[in-house]
J.: 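Please see the structure below; I have some questions.
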There are 2 protein chains.
Amino acid sequence: MITIKDVARLAEVSISTVSRVINDSKPVSPEVRRRVLKVIEETGYKPNDVARSLVTRRSYLIGVIVNNLAQSYVADIVRGIEEIGKMYGYDILLCSSYSSKETQEKYLQLLDRKQAEGLFLVGNKFDDEIIEIARGLNKPCIYFTRDVHEHMNHISIDSNAAFYEMTNYLIKEGHKKIAYVSDFADRTSVENDKIAGYQKAIEDNELQYSKMYVVGGNKHNRAYELGKTIAKDASEFTAVVCSNDEIAIGVMNSFFDNGIKVPDDVSVVGFGNIREGKFVRPELTTIGEPYYDVGAVGMRMLIKMIKGDKTPQGLMELPFTIEKRKSVKTIG
Amino acid sequence: MITIKDVARLAEVSISTVSRVINDSKPVSPEVRRRVLKVIEETGYKPNDVARSLVTRRSYLIGVIVNNLAQSYVADIVRGIEEIGKMYGYDILLCSSYSSKETQEKYLQLLDRKQAEGLFLVGNKFDDEIIEIARGLNKPCIYFTRDVHEHMNHISIDSNAAFYEMTNYLIKEGHKKIAYVSDFADRTSVENDKIAGYQKAIEDNELQYSKMYVVGGNKHNRAYELGKTIAKDASEFTAVVCSNDEIAIGVMNSFFDNGIKVPDDVSVVGFGNIREGKFVRPELTTIGEPYYDVGAVGMRMLIKMIKGDKTPQGLMELPFTIEKRKSVKTIG
DNA sequence: CTGAAAGCGCTTACAG
DNA sequence: CTGAAAGCGCTTACAG
């Protein structure tokens, strides 16, 4: 391995001078600069970032802890983080925890030891204990989740408004009997927001009907199973609003297999705009969160915080979109 | 920031001793060990991995360059890499290049400066020039791609055998007229393997019919467009073998929108077993590559190489599976 | 079992 | 504009 010392020796200058030309940190005479550059070129010397990091106390490493990279929205957020990071010279240390608290804690410690300058937690649920450990690290930290926590910088969309708007859209399309499918029995604050948005739309339009189902898990499979039950009630409503796209697709597939046609018999809408929603037939109408932007905006916030700006605390809300596709039918 | 020096001072020992108890590298008397541990506990001291890395010349960092993290198979491979890495204490520096040669090169340099101990390139296509730069880094490197390169450690499945077996499966189900949809006009060696496997099955069964389409791109959209053309010929065959799942789903969707029923009118099969294949209706019958294993096996190879084992060179083949689902019909 | 010292590859006052 | 020296936070022979 060739070091700054070798370059200095070969160029017949001090290592200070080599450092200066590498970093462009202080004036160096053209002649000397040329000599150093030539040696660097010839030897293929590359500065060792570990050594540099030790003295500058900068790692330019951002730790990203995700629950499951395979979820498409997670990949999109990570992409946003990464692209903005790249613009500012930050790199990503990726950690997938698969929702294991133990793994999350291990990674948090690791990121600390590796001198990560900032942290992202990306996923639906992080235990309060993990949040506390993360805070204890005393690093800039941003929390991407659908469940809001206090004391944390947080990026999200206004779920209440989103579900209000989506439900209103269904009503405008002529639907009067609209059911709702929730994810868990023990609701997160975000889920409560969603339900409240849905209910407000029902009430504002003076509709009577509103039926609620609970999946009791976020696996596609659970929604599929529940879908069989919902299918039996299908004559009671013309549309169903689902807490998220995974559920919506599970329900749609269950309908398909039980002879209920979407959207002819029942319209289905979701939330999240996951990639799969465009692959299923009919294509799923859903609420789009700007995941890439969530990552990008979060990264900008984080970089600001790393630079010492204390201002961007608290919650940041991004705009949502209603992705109108084929799973909703206009009723006469 | 609290350092090893602080701990040493507080515990009234030398920093050497502190280092020894942290790393369990040399015997330390129980009494002294207890004292040191107590101080560590009280101060919350955590070793600085950057400093440690500088002296040990170990970073325990593995650079992973992917083209697109949003592809589900990439996420699965990364998962395999990460989980095995975690077992051996290696961490992942994630770099998404989105197929940009410039970005790939930049990341390669970066990973070198960060002292990454090994490299993964994950994606369909990497330019030869990039491969050369990667090799020039002189680090253990593993290449995950569907296009085989010489001089590189490579993990894949036997595409030829996979397509042979899949086509035979269709024939056994009674299909006699089977078309093939290829991805690009300028074929990769893997694509040639696939086509050869398909053709061999046709020939071995003394079937006459074999029609070939070329998508000319790997976007779902392109396959959808081509699907319209294929739909017009639909009476000429009863099954179509697609080069990959993205194409298969594009074709299926095009069939759906053009009134061709899958599998009743035409059976469709793909390759890759991407997540979306289980979400579409009918569920896609496809060839499964064990992506998680690809990542895991690759990581084991890489770690071996890092440890100085020179043996695991060249190509490694993993078993494939035929995922029989709903997009194939048995013909009388 | 323990400590003093050298050194990993850099950056950065400081002095000239 | 340039160099000698100190130091970042550790590990590891070496000596005792």
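Note on naming: letters A, B, ... go to the chains in the order of the sequence lines (proteins, then strands), and numbering restarts at 1 for each one.
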J.: Need to verify one output field. Residue with the more 5' nearest nucleotide on DNA chain C, A:Ile2 or B:Glu12?
T.: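 The residue closer to the strand's 5' end, by nearest nucleotide, is B:Glu12.
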
J.: Using side-chain heavy atoms (C-beta onward) and a distance below 4.5 Å, is B:Leu119 in contact with B:Ile142?
T.: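 Counting from C-beta outward, B:Leu119 and B:Ile142 never come under 4.5 Å.
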
J.: Within the supplied structure, the quantity of interest is the number of heavy atoms (other residues, nucleotides, ligands) at a distance under 6.0 Å from B:Lys38 NZ; does it exceed 12?
T.: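 At most 12 heavy atoms, drawn from other residues, nucleotides or ligands, come within 6.0 Å of this atom.
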
J.: So if I apply the ring pair (Phe, Tyr, Trp, His ring centres under 6.0 Å) rule between B:Phe120 and each of B:Phe126, B:Phe144, B:Tyr143, which one comes out positive?
T.: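 Exactly one option meets the ring pair (Phe, Tyr, Trp, His ring centres under 6.0 Å) with B:Phe120, and it is B:Phe144.
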
J.: Across the strands shown, which category fits A:Ser16 at heavy-atom distances under 4.0 angstrom: base, sugar-phosphate, nothing?
T.: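 Base: the residue A:Ser16, judged by heavy atoms under 4.0 Å, touches a nucleobase.
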
J.: How is B:Ser19 classified with respect to the nucleic acid when contacts are heavy atoms under 4.0 Å: base, sugar-phosphate, or nothing?
T.: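 Base, at least one base heavy atom under 4.0 Å.
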
J.: Quick one: is the NZ or CZ of A:Arg275 closer than 6.0 Å to the six-membered ring centre of A:Tyr73, and within 45° of its axis?
T.: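 That pair does not qualify as a cation-pi contact.
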
J.: Does a donor on one side chain sit under 3.5 Å from an acceptor on the other, for A:Asn23 and A:Arg52?
T.: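 Side-chain D/A pair, A:Asn23 to A:Arg52: present.
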
J.: Under 4.0 Å, heavy atoms only, any strand: does A:Lys26 hit a base, just the sugar-phosphate, or nothing?
T.: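 Here A:Lys26 touches no strand at all.
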
J.: Considering only residues two or more places apart or on different chains, which pairs with a residue in residues 30-68 of chain B satisfy ring pair (Phe, Tyr, Trp, His ring centres under 6.0 Å)?
T.: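 Matches after skipping sequence neighbours: B:Tyr60-B:Tyr90.
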
J.: What does A:Val13 touch in the nucleic acid at a heavy-atom separation under 4.0 angstrom: a base, only the sugar-phosphate, or nothing?
T.: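 A:Val13: backbone/sugar contact only, no base atoms under 4.0 Å.
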
J.: Please state the C1' separation for the pair C:dG16 and C:dT12 - nearest whole angstrom.
T.: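 It comes out at 16 Å once rounded to the nearest Å.
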
J.: First and last nucleotide of DNA chain D in contact with chain B, 5' to 3', at under 4.0 Å to a heavy atom: what are they?
T.: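 Listed 5' to 3', the contact boundaries are D:dC8 to D:dA13.
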
J.: With a non-hydrogen cut-off below 4.0 angstrom, is B:Ile22 in contact with a base, only sugar-phosphate, or nothing?
T.: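 Touches nothing.
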
J.: Looking only at side-chain N and O atoms, does B:Gln104 offer a donor or acceptor that is under 3.5 Å from a partner on B:Asn67?
T.: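 Result is yes, a qualifying pair exists.
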
J.: Under 4.0 Å between a side-chain nitrogen and a carboxylate oxygen: does that hold for A:Arg33 and A:Asp24?
T.: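 Looking at A:Arg33 and A:Asp24, the cut-off is met.
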
J.: When all nucleic acid strands are considered with a 4.0 Å heavy-atom cut-off, which category describes B:Asn23: base, sugar-phosphate, or nothing?
T.: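 Since only primed, P, OP1 and OP2 atoms lie under 4.0 Å of B:Asn23, the category is sugar-phosphate.
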
J.: Which string of ( ) [ ] | and . matches DNA chain C, if you list each base 5' to 3' and count Watson-Crick or G-U pairs only when both distances are under 3.5 Å?
T.: |||.||||||||.|||

J.: Just checking B:Arg57: base, sugar-phosphate only, or nothing, at a heavy-atom cut-off of under 4.0 Å?
T.: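 If one applies the 4.0 Å heavy-atom cut-off, B:Arg57 turns out to touch the sugar-phosphate alone, with no base involved.
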
J.: Between A:Glu31 and A:Arg35, is the closest basic N to carboxylate O distance under 4.0 Å?
T.: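 So A:Arg35 pairs with A:Glu31 through a salt bridge.
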
J.: Nearest nucleotide by nearest heavy atom, which residue falls closer to the 5' end of DNA chain C, B:Leu54 or B:Arg33?
T.: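 First, find each residue's nearest nucleotide; the 5'-ward one identifies B:Arg33.
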
